[in-house]
J.: 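Could you have a look at this structure, given as structure tokens, before my questions?
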Amino acid sequence: MPTMNLDQMLKTLETLPGRQFQVTPEQRAVIEHGTGPLWVIAGPGSGKTEVLVLRCLKLVCVDKLPPAAIMITTFTERAAKNIQDRMALYKEHLAKSDPTLKQVDLGLVRVGTLHSLCNDIMQEYRHPAYQNVRLLDEMEQPLFVYEHSLLAASNPPASQRPLWDNFDYLVDGWDPISGLRWNRAYFPSRWRRAHAAVNLFNHVAEDMLDVAKMKSAGGVWRVFADAYEQYVASLVDHFRCDFAHVQKRFLEFLATPRGAQFLKGNGTLEHPGLHHVLVDEYQDTNLIQEAIYLSLAEAHPHNLTVVGDDDQALYRFRGATVECMVTFDKACQRAWKISPKTVRQLRLMGNYRSHPRVVDWCSDYIESFDLMRKPGARAPGKPRLSPKSSITGNYTSVGLLERRNREDLADAFADLVQNLLKNRIVQLPSQCVLLLKSTREIRKWAKLYVDALDSRGISTYNPRSKALLQQEEIMAALGSLVEVLDPQGTAQVAVSGDGIQQMATGWRTTYRSVVRNYPALGDYVKKARQRIAAVPPNQLIMLSGAKGVLNFPATLQELFYHLLNHDPFKTWLDDPERTVRLGALTKAIEAYCSNPLPGRDTPTRGYLRTSATTPGEVSFNWRENFYYALVGLLVSQGLDQPEDEEELFPPDRLPIMTVHQVKGLEFPFVFVGGLMEDAEASSAHRLEEAVLSFRQTVPASQPFNADERALQDLARFYYVAYSRAQYALIMLATTSQVNEQRPAFGGQGRAWYRQRVTIL
DNA sequence: CTGGGTGCAGTTTTT
DNA sequence: CTGCACCCAG
């Protein structure tokens, strides 16, 4: 049997058409690493994901490990798919020179987000505590909490008052319904409490907080701990699990006999046990994920490879802590009782992406913050990035476009882009990107830039510029629903206290203007109303099937599908963007219908029933709950604009993106605007601090306080933005913004900044 | 480059 | 309702 060695593997891959990647010695060391924990500290543009893919291929193709013995996790589904595709492509190419590889099924490598793998493995191994469990998504969890948690009770006990006083920062914020901030004199609304409770419950699981310790702490902690236990019990009662608890369940699973079976295997190719765990984006890991990884690699010699860049940690809002990346050696020591020195640290600090001056700017920038130089802020002994790209030239590669006001700035930016195009420095607008904190097209954010580009004939690509609930098709669809279910708006009026009424009234208006051009929709709505009006009191509303088939109860979903089957919705569904948005609404409606009712086994929410007292109307309670729960959810959390599967940028348009969206991407010309914000501790920062004493694992280094972490996070945020640039990085700011000396300009003031950046 | 008055607009991200 | 960006005066 011909075997392939690493040199042959890498050489062969160099012949793959369209792939120009030469493995450097530092990258090779990661790929080659044998057994034992490996801690890879990588910079932006260092090829870290590529190296991880190659390491996995080496384990399979050179070391001949069974694919099922390897697990690779990443942070998003999209990144997981990317790794899977790349591995499949490379393996296919390798199989051309080593036909024995044709037998290898790379599909058996466990690639995915940790959440999805936990879910899959527990189902595969029939973990008793995870049988027939439905995993709640980001819409379903808040709805479940809203209807099941004590903390979101419609009439909460007075004992909750001190709790909400204590967690006021979780409740505070802008209310999209009333258009006002929360007034602390009032008890927080049901939805505000539900969202805050979701946040708290997730933290208990993700930070692995000690609930018993909370109880003995007494006071608000006791009240909260009781509510937490009640929530977890209802999840179990109704066979539900949320994203945070799927990880907790998995950690418990690993300690069971079936878990041991999964880890050890039975010697067959299908179940070889787990030999290697490779983790990408480790800087965005949370504490329970850290515990899972350490358990997965519990067996000697602890084959756990983690790769990440602590300076690019962006996901604290999701419970992630850079701490995991920065003190990985200490975590291994704690879990496995090994010396931290045996944790091999390798660094990938070569940057193959950007002009050397961009690279230097990124290093200067991140090191300029006093707080980033303190121990525990970054991976120990982290060196500067080392510029290795082939991009050279003595042009302005790091610049500041500074103007006296925002209009002038937007014009100067658009002029610059126009000149780049005219002088053929860039061939297409899509070689540039504009990065903003928010891409919404309002004056404060993208609008001035979009207008300035527009007037010069340059169009922009900004798919998430509008809130989903503002879209015509969403408003018309919801309008037709309420026109059928609550034609008089009586229940709508009853919930007016929450301002939901205004929202629904807006939908009705949209519906009426739409129906003027599409009378068939109006006819259907009328017919549906008449049908309901004909049903006797207190009965399920039935929908007739085909001739001879029994009637079956009408559900909210069915009504919704019927409405979508009429114009203009039918025609709108030809438009992929509208289809995606209507799909998001469909998902929300399904989430609502599938939410179990407290005290019942099956979800019956979707069934429509007539009122017991008022004939011909949908039950008042049902309508009321529809507004409070479903509409309340839509307005309090908004609908997520689902991103396109494979979003390719239209070549003739200039993309406008947020920093989170651009993570992992690179662009020849990067413009960064909206540099004005100051660091302010968010609720995530404050909550982390508040629960620190209940953590089961003591932090390995002196933790920073909430304000300090807020500033570090902001520094990292712009570091991600700045390190996307290949040829040039241009910051956009008004003079007063620069004078304010915000973190985006570095931590050392104007003079320091002006020395390093060309003023345009 | 700073201070104070005015006027406008109210994130973002993901399993 | 606030908070903060912006602008202008000094």
Side-chain angles (χ1 to χ4, degrees), chain A residues 73-80 112-120 135-142 172-186 198-199 202 205-206 241-248 250 281 284-286 288-289 292 312-320 403-409 435-448 464-465 467 637-638 640-643 656-664 673-678 680 682-684 713-714 716-718 720-721 733-742 749-751 754:
Chain A
T73 68
T74 67
F75 189 66
T76 60
E77 295 289 356
R78 178 184 276 220
T113 63
L114 187 57
H115 295 85
S116 68
L117 292 175
C118 290
N119 179 59
D120 294 351
L135 193 52
L136 301 174
D137 67 19
E138 82 280 35
M139 298 235 97
E140 293 165 336
Q141 190 196 10
D172 202 2
W174 175 253
D175 182 353
I177 305 168
S178 64
L180 297 176
R181 274 189 101 84
W182 174 50
N183 183 340
R184 274 152 213 264
Y186 295 99
V198 165
N199 202 340
N202 288 346
E206 285 171 345
C241 187
D242 61 41
F243 282 130
H245 283 86
V246 74
Q247 302 169 110
K248 196 172 178 198
F250 187 71
E281 309 278 16
D284 290 318
T285 289
N286 62 38
I288 196 163
Q289 289 169 346
I292 290 171
Q312 294 187 66
L314 279 185
Y315 286 88
R316 193 181 299 276
F317 68 88
R318 224 187 83 174
R403 291 294 182 273
R404 42 180 285 280
N405 62 42
R406 295 163 51 86
E407 281 84 359
D408 290 357
L409 180 62
L435 301 182
L436 298 169
K437 175 112 205 228
S438 163
T439 60
R440 293 191 49 204
E441 289 182 13
I442 54 177
R443 223 189 93 91
K444 188 180 177 188
W445 296 111
K447 186 158 198 320
L448 294 177
R464 299 202 200 180
S465 60
Q637 136 157 334
D640 251 0
Q641 173 103 301
E643 54 184 322
I656 300 176
M657 304 173 85
T658 65
V659 175
H660 284 89
Q661 286 165 25
V662 86
K663 200 186 175 204
L675 309 167
M676 72 295 262
E677 72 183 311
D678 209 348
E680 201 191 347
S682 70
S683 58
D713 283 352
L714 195 56
R716 294 182 185 114
F717 183 82
Y718 284 105
V720 172
T734 61
T735 303
S736 60
Q737 283 175 1
V738 182
N739 287 338
E740 304 266 333
Q741 305 197 357
R742 300 296 181 165
R750 189 177 177 114
R754 294 228 165 189

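All values derive from a computational prediction rather than experimental measurement. Just so it is clear: chains get the letters A, B, ... in the order the sequence lines come, proteins before strands, and each one is counted from 1.
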J.: Has A/T658 got a side-chain N or O lying under 4.0 Å from the OP1 or OP2 atom of B/dT13?
T.: yes
J.: Can you tell me how far C1' of B/dT15 sits from CG of A/N286, to the nearest Å?
T.: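 The distance from CG of A/N286 to C1' of B/dT15 comes to 10 Å, rounded to the nearest Å.
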J.: OP1 or OP2 of B/dT12 sitting under 4.0 Å from any side-chain N/O of A/S438?
T.: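 Checking B/dT12 against A/S438, a side-chain N or O does come within under 4.0 Å of OP1 or OP2.
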J.: Which whole-number value in Å describes the distance from A/L136 CG to B/dT14 P?
T.: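 After rounding, the reported distance stands at 20 Å.
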J.: Across the strands shown, which category fits A/R316 at heavy-atom distances under 4.0 angstrom: base, sugar-phosphate, nothing?
T.: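 A/R316: no heavy atom of the nucleic acid under 4.0 Å.
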J.: In whole angstrom, what separates A/N739's CG from B/dG3's P?
T.: 12 Å
J.: So, using side-chain contact (heavy atoms from CB on, under 4.5 Å) as the criterion, who are the partners of A/A721 when residues are at least two apart?
T.: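 For A/A721, the residues satisfying side-chain contact (heavy atoms from CB on, under 4.5 Å) (neighbours in sequence not counted) are A/L435, A/V659, A/V672.
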J.: Output the rounded distance in Å from CD (A/E680) to P (C/dG3).
T.: 9 Å
J.: Between C/dG3 and B/dT11, how far apart are the two C1' atoms, rounded to whole Å?
T.: 14 Å
J.: Quickly work out the A/L675 CG to B/dT12 C1' distance and round it to whole Å.
T.: 16 Å
J.: Among B/dT13, C/dC7, B/dT15, which nucleotide has an atom closest to any side-chain atom of A/Q661?
T.: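 Nearest to the side chain of A/Q661 among the choices is B/dT13.
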J.: List the atom of A/L436, the atom of A/G674, and the distance in Å for their closest heavy-atom pair.
T.: CD2-N, 4.0 Å
J.: Please classify the nucleic acid contact of A/Y315 as base, sugar-phosphate, or nothing, using heavy-atom distances under 4.0 Å.
T.: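 Since only primed, P, OP1 and OP2 atoms lie under 4.0 Å of A/Y315, the category is sugar-phosphate.
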J.: Compare the minimum distances between each of B/dT11, C/dA5, B/dT13 and the side chain of A/H660, then state the nucleotide with the smallest one.
T.: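 Nearest nucleotide to the side chain: B/dT13.
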J.: Considering every strand and a 4.0 Å limit on heavy-atom distances, what is the contact class for A/N405: base, sugar-phosphate, or nothing?
T.: sugar-phosphate
J.: Within this structure, what is the CD-to-C1' distance between A/Q637 and B/dT15, rounded to whole angstrom?
T.: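 Result: 13 Å.
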J.: Can you see if the side chain of A/R742 gets near the phosphate of C/dA5 - specifically, an N or O under 4.0 Å from OP1 or OP2?
T.: yes
J.: Would you classify A/Q247 as touching base, sugar-phosphate or nothing, given that sugar-phosphate means primed atoms plus P, OP1 and OP2, and contacts are heavy atoms under 4.0 Å?
T.: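 Contact class for A/Q247: none.
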J.: Between the side chain of A/H115 and the main-chain N/O of A/V246, is any donor-acceptor distance below 3.5 Å?
T.: no
J.: Can you sort out the partners of A/R742 under side-chain contact (heavy atoms from CB on, under 4.5 Å), two or more places apart, ordered by chain and number?
T.: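 Testing A/R742 for side-chain contact (heavy atoms from CB on, under 4.5 Å), a comparison that skips the adjacent residues, returns A/D678, A/E740, A/F745.
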J.: Mind checking if A/E677 touches a base, just sugar-phosphate, or nothing, with heavy atoms under 4.0 Å?
T.: nothing
J.: Just how far, in rounded Å, is P of B/dT11 from CE of A/M657?
T.: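 Those two atoms, CE and P, are 21 Å apart.
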J.: Could you work out which one of B/dT12, B/dT15, B/dT13 sits closest to the side chain of A/F317?
T.: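 Of the options given, the side chain of A/F317 lies nearest B/dT13.
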J.: B/dT12 and C/dA5: how far apart are their P atoms, nearest whole angstrom?
T.: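 After rounding to an integer number of Å, I get 15 Å for this pair.
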J.: Give the nucleotide from the list B/dT12, B/dA9, C/dC8 with an atom nearest to the side chain of A/R443.
T.: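 Among B/dT12, B/dA9, C/dC8, the one nearest the side chain of A/R443 is B/dA9.
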J.: Evaluate the side-chain proximity of A/L314 to A/H660: yes if any heavy-atom separation is below 4.5 Å, no if none is.
T.: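 The answer is yes, as the side chains (C-beta and beyond) meet within the 4.5 Å cut-off.
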J.: Go through the side-chain N and O atoms of A/D284 and A/Q312 and say whether any donor and acceptor fall under 3.5 Å apart.
T.: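 Checked: A/D284/A/Q312 side chains show no N/O donor-acceptor pair below 3.5 Å.
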J.: Check the distance between B/dT13's P and A/F717's CZ and give it to me in whole angstrom.
T.: 9 Å
